[in-house]
Structures are given as C-alpha cells and as structure tokens.
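Right, one structure below, let's go through it.
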2 protein chains.
Amino acid sequence: MRPFKHPEIDAVTLEHLLHALSDPVRMDIVRRLADEGEASCNALDGGRPKSSMSHHFRVLREAGLVWTRNDGTVHMNSLRRKELDKRFPGLMKAVLTAK
Amino acid sequence: MRPFKHPEIDAVTLEHLLHALSDPVRMDIVRRLADEGEASCNALDGGRPKSSMSHHFRVLREAGLVWTRNDGTVHMNSLRRKELDKRFPGLMKAVLTAK
DNA sequence: TCTATAGTTCGATAAATTTCGAACAATAGC
DNA sequence: GCTATTGTTCGAAATTTATCGAACTATAGA
C-alpha cells in the first residue's frame with residue numbers, strides 16, 4: 001500500500017473540517033486519537049465493518065484532521081494537532097473540551 | 001406568525017452545531033450575525049430564494065446557534081453568542097476567527 | 001378592507017452521504 | 001510460495017440534505 005496523500009495544512013478548509021467532525025463515528029475517532037496519541041484503524045472500529053471505517057478515515061484524512069502512516073500491514077493514525085492548532089487556533093481545544 | 005421554538009442551550013449538541021456550521025451559506029449567515037448583531041432573513045439572503053433561506057435559518061435555530069424574534073412581519077435573527085460561549089467555551093471564537 | 005412585504009410550509013427533484021458485503025492489495029512470518 | 005492480517009476499493013442500497021417554485025400565513029399601512 002502506497003503512503004497516503006494528505007492535504008497541506010494551509011489547504012484545509014474550515015468547512016470540510018467541521019463537516020468531518022459533525023459525524024459521531026468520526027468525532028469518536030478524533031477524541032480517541034486525541035487521548036491515545038496514535039492508533040490503528042483496527043483499534044478504533046468499535047465493531048463496525050472495515051469498509052465503513054475506511055470511509056471515515058478517508059474523510060478525516062482529506063479534511064486534514066488525521067495523519068496516516070504505514071507500518072507494515074497496519075495503518076497508524078494520529079491527529080494533526082500541532083498543525084491544526086496553528087491553522088485554526090483554539091478550535092481543536094474547544095471541540096475536544098466540549099461535552 | 002407564532003414565535004419560534006428554540007432549544008434550551010443545554011440540549012444543544014456539538015454534533016448538530018458543527019453540522020449546521022459546515023454549510024457555506026449558513027456559515028456566512030453566522031459570520032454576518034456575529035459582525036452585525038441582528039439582521040432580518042431578508043437582509044442576509046444574498047439573492048437566494050426565500051424558501052432556501054428559510055430552510056437554513058431553521059437549521060441554525062434548531063442547532064441552537066441562532067435566536068429569531070418576531071418584529072412585525074420581519075424576523076430578526078441574532079447569534080446566541082453568550083449562551084454558546086458558556087455551553088462550548090472558546091468554540092465560537094475559534095470558528096469566527098478562522099479564515 | 002385591500003395591498004404590499006416578510007417568511008414559512010409543502011412537494012418535488014437532484015446531489016451527497018452513510019453503510020456494508022465482496023473482491024482486491026500489501027505486508028509479515030512461516 | 002503460502003497464509004493470515006490489515007485495510008482499501010468497488011458497487012449498490014438507503015438515508016439525508018440542499019434547492020427552489022408555488023401556495024399560504026401574518027402583519028403593517030393606506
């Protein structure tokens with residue numbers, strides 16, 4: 001599997017980012033990545049089919065929220081937190097703080 | 001026209017709020033309300049049909065973002081900024097600051 | 001009462017999204 | 001090479017969403 005294309009942080013739009021976060025499955029992924037730092041798709045699937053999760057990870061990647069790196073057969077995902085904090089100051093903190 | 005029902009601020013969910021903000025027409029409305037304080041639907045339509053705008057204002061109201069009051073035949077809309085700041089600290093500031 | 005104005009509601013259509021099984025691709029380990 | 005594991009891609013079905021014209025409601029003002 002080839003490495004993924006991730007958008008430049010400056011090309012990330014608020015619109016796409018908010019849309020990506022407005023889905024409960026994806027918000028859950030983001031919260032867990034914020035907590036756990038890095039995790040495989042597998043570890044975050046909550047019992048859902050792999051194809052569904054692959055779709056959600058793709059949306060998160062294309063929205064600029066998540067970085068995915070290959071590690072053998074495993075895809076390790078992490079929040080692009082530092083970049084996001086620079087691009088949209090205070091946003092992720094506010095989102096992750098909200099309950 | 002009867003006054004509108006607005007959700008209690010504690011019943012507002014981050015999910016619905018983010019979804020409401022992930023549409024460019026609605027984000028534009030929110031930004032202008034943040035700037036101008038209060039405005040009629042009419043003043044914010046950007047040339048779009050009334051029925052389309054009515055739909056978007058409804059989504060914004062139901063998401064808890066916008067308060068609408070009746071003033072004669074006019075509906076005056078405003079951001080529920082103070083309530084939102086309490087409910088989701090830092091969120092609206094981050095959203096409105098983002099460019 | 002008649003008219004103009006501001007918005008809502010209804011109904012239909014088009015487009016985007018979510019979901020998930022099945023087939024496929026890439027890597028690790030034997 | 002063979003097999004198991006991870007995750008992607010494809011295709012289809014169901015749901016949600018956006019858009020907008022037409023009919024309707026409510027109020028102000030003459």
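Within every chain, numbering begins at 1; the chains are lettered A, B, ... in the order of the sequence lines, protein sequences first and strands thereafter.
- In this entry the distance linking CG of B/Asn42 with P of C/dT8 reads 11 Å, nearest Å.
- When the nucleotides D/dC20, C/dT9, C/dG7 are ranked by their closest atom to the side chain of B/Lys50, C/dG7 comes out on top.
- Between A/Leu44 atom CG and D/dT6 atom C1' there is a gap of 13 Å when expressed in whole angstrom units.
- Nearest heavy-atom pair, A/Asp71 versus A/Met76, reported as atom, atom and distance to 0.1 Å: CB-CG, 4.3 Å.
- Spacing between atom CG of A/Asn77 and atom P of D/dG7 amounts to 8 Å, rounded to whole angstrom units.
- Computed from coordinates, the B/Asp45 CG to D/dG21 P distance equals 13 Å when rounded to whole Å.
- If you chain together hydrophobic residues whose side chains sit under 4.5 Å apart, A/Val66 and A/Met92 fall into the same group.
- Rounded to an integer number of Å, the gap from CD1 of B/Ile29 to P of D/dA18 is 11 Å.
- If you measure from atom CG of B/Asp71 to atom C1' of C/dG7, you get 14 Å, rounded to the nearest angstrom.
- The listed nucleotides are C/dT18, C/dA6, C/dT9; the one nearest the side chain of B/Ser54 is C/dT9.
- In terms of position on DNA chain C, the residue among B/Arg61 and A/Val59 whose nearest nucleotide sits closer to the 5' end is B/Arg61.
- Each of A/Arg26 and B/Met76 has a nearest nucleotide on DNA chain C; the 5'-most of these lies closest to B/Met76.
- Ranking C/dA6, C/dT18, C/dC20 by closeness to the A/Pro49 side chain, first place goes to C/dC20.
- Between A/Ser52 and C/dC20 there is a side-chain N or O to OP1 or OP2 distance below 4.0 Å.
- Counting only heavy atoms from C-beta on, B/His75 has its side chain closest to C/dG7 among C/dT19, D/dA18, C/dG7.
- With D/dT6, D/dC10, D/dA18 as the candidates, the nucleotide lying closest to the side chain of A/Ser51 is D/dC10.
- Within the 6.0 Å centre-distance limit, the rings of B/Phe4 and B/His75 are counted as a close aromatic pair.
- Relative ring orientation between A/Trp67 and A/His6 is described as parallel, the plane-to-plane angle staying below 30° on a 0-90° scale split at 30° and 60°.
- Proximity of B/His55 to the phosphate of C/dG7: no side-chain N or O atom is located under 4.0 Å from OP1 or OP2.
- Following rounding to the nearest Å, A/His56 (NE2) and C/dT17 (C1') show an atom-to-atom distance of 9 Å.
- Between the CD atom of B/Glu62 and the C1' atom of C/dT8 there is a distance of 13 Å, rounded to whole Å.
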Query - Candidate pair A/Leu91 and A/Leu17, rule side chain to side chain contact (heavy atoms under 4.5 Å, CB included), full reasoning - result: CA-CA 10 Å; A/Leu91 184 59; A/Leu17 186 147; 3.7 Å; yes
